[in-house]
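Values in this document were obtained by computation on a predicted structure and should not be read as measured data.
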Amino acid sequence: MQKSEGSGGTQLKNRARGDYDQRTSSSTQIKHRNAVQGSKSSLSTSSPESARKLHPRPSDKLNPKTINPFGEQSRAPSAFAAIYSKGGIPCRLVHGSVKHRLQWECPPESLSFDPLLITLAEGLRETKHPYTFVSKEGFRELLLVRGASEKAVPLLPRLIPVLKAALVHSDDEVFERGLNALVQLSVVVGPSLNDHLKHLLTSLSKRLMDKKFKEPITSALQKLEQRGGSDFCCVSR
């Protein structure tokens, strides 16, 4: 009788111990799970992105997450690039084995200079291919057509500010394209350019301080004088 009771007591103790061990194990697993989740949470909140969410900067209201003002893709295309991509420039670049050329959709002499010539002049400030070539070559070829002088002279008040923007540009290649375009324009319009040169000579004189541009600017001024005639001397003083 005593053995039976001793055996039953032992079983109760073992069962109680087992329940205790099971509860302890479950408690340990829950604590471990909570610790892992807490660690992940702390890692996520310590990231720069989470820090910005918890402590937003005043500039975040001006620059939403979806907009990166310094990203290449977020920059709006220039006016010339937008017009070119929409087919507003009636010519396309043809890649050759030796050099590139333009292919016009219709004879250039049949095209109106307004606003095409001004648009091409605005493209001189581009710094990416193919816009650089299209604007430079398109401007040159359009001025070569018959009757270019009659079409270009009325546009001079609008053309000069655009060319000046190229001449004051910080990019050396843009300046060179602007300088060449000015000489090309002077060949076509002649003395009609004189009245507008005063707006450009200051920009040219500043670039004369740069040794690498001294020779091309001097040459350009000589050509402007040749095309401008005697009235050019009065303008250049």
How long is the span from the [atom1] atom in [X] to the [atom2] atom in [Y], to the nearest 0.5 Å?
X      : Y      : atom1 : atom2 : value
Leu124 : Thr132 : CG    : OG1   : 10.0 Å
Glu126 : Phe133 : CD    : CZ    : 15.0 Å
Leu102 : Arg140 : CG    : CZ    : 8.5 Å
Ser205 : Leu200 : OG    : CG    : 11.0 Å
Leu208 : Ile217 : CG    : CD1   : 4.5 Å

Hydrophobic cluster membership, with links at side-chain heavy-atom distances under 4.5 Å among I/L/V/M/F/W/Y: are [X] and [Y] in one?
X      : Y      : answer
Val174 : Leu204 : no
Ile83  : Phe113 : yes
Trp104 : Ile118 : yes
Leu185 : Leu201 : yes
Leu159 : Leu197 : yes

Would you say the side chain of [Y] lies within less than 4.5 Å of the side chain of [X], judging by non-hydrogen atoms?
X      : Y      : answer
Gln184 : Asn180 : yes
Lys223 : Val187 : no
Leu143 : Leu117 : yes
Leu193 : Ile160 : yes
Gln103 : Cys91  : no

Closest heavy-atom contact between [X] and [Y]?
X      : Y      : result
Thr119 : Phe80  : O-CD1, 3.3 Å
Leu156 : Pro161 : O-CD, 4.4 Å
Gly228 : Asn194 : O-ND2, 2.8 Å
Lys198 : Asp195 : CE-O, 3.8 Å
Arg92  : Ile89  : NH1-O, 3.1 Å
Leu163 : Ala181 : CD2-CB, 4.0 Å

Polar side-chain atom of Ser219 near backbone of Glu215 as donor-acceptor pair, under 3.5 Å: no
Side-chain donor/acceptor of Ser186 to backbone N/O of Arg227, under 3.5 Å: no
Test side-chain contact (heavy atoms from CB on, under 4.5 Å) applied to His100 and His129, step by step: CA-CA 12 Å; His100 306 322; His129 185 78; 4.2 Å; yes
Contact list for residues 164-185, test salt bridge (Lys or Arg N to Asp or Glu O under 4.0 Å), sequence neighbours left out: Asp172-Arg207, Asp172-Lys212
Residues that Tyr84 engages under ring-ring contact (aromatic ring centres under 6.0 Å, His included), provided they are two or more places apart: Tyr131
Phe213: partners by ring-ring contact (aromatic ring centres under 6.0 Å, His included), with sequence neighbours left out: Phe175
Cationic N near anionic O, under 4.0 Å, Lys151 to Asp114: no
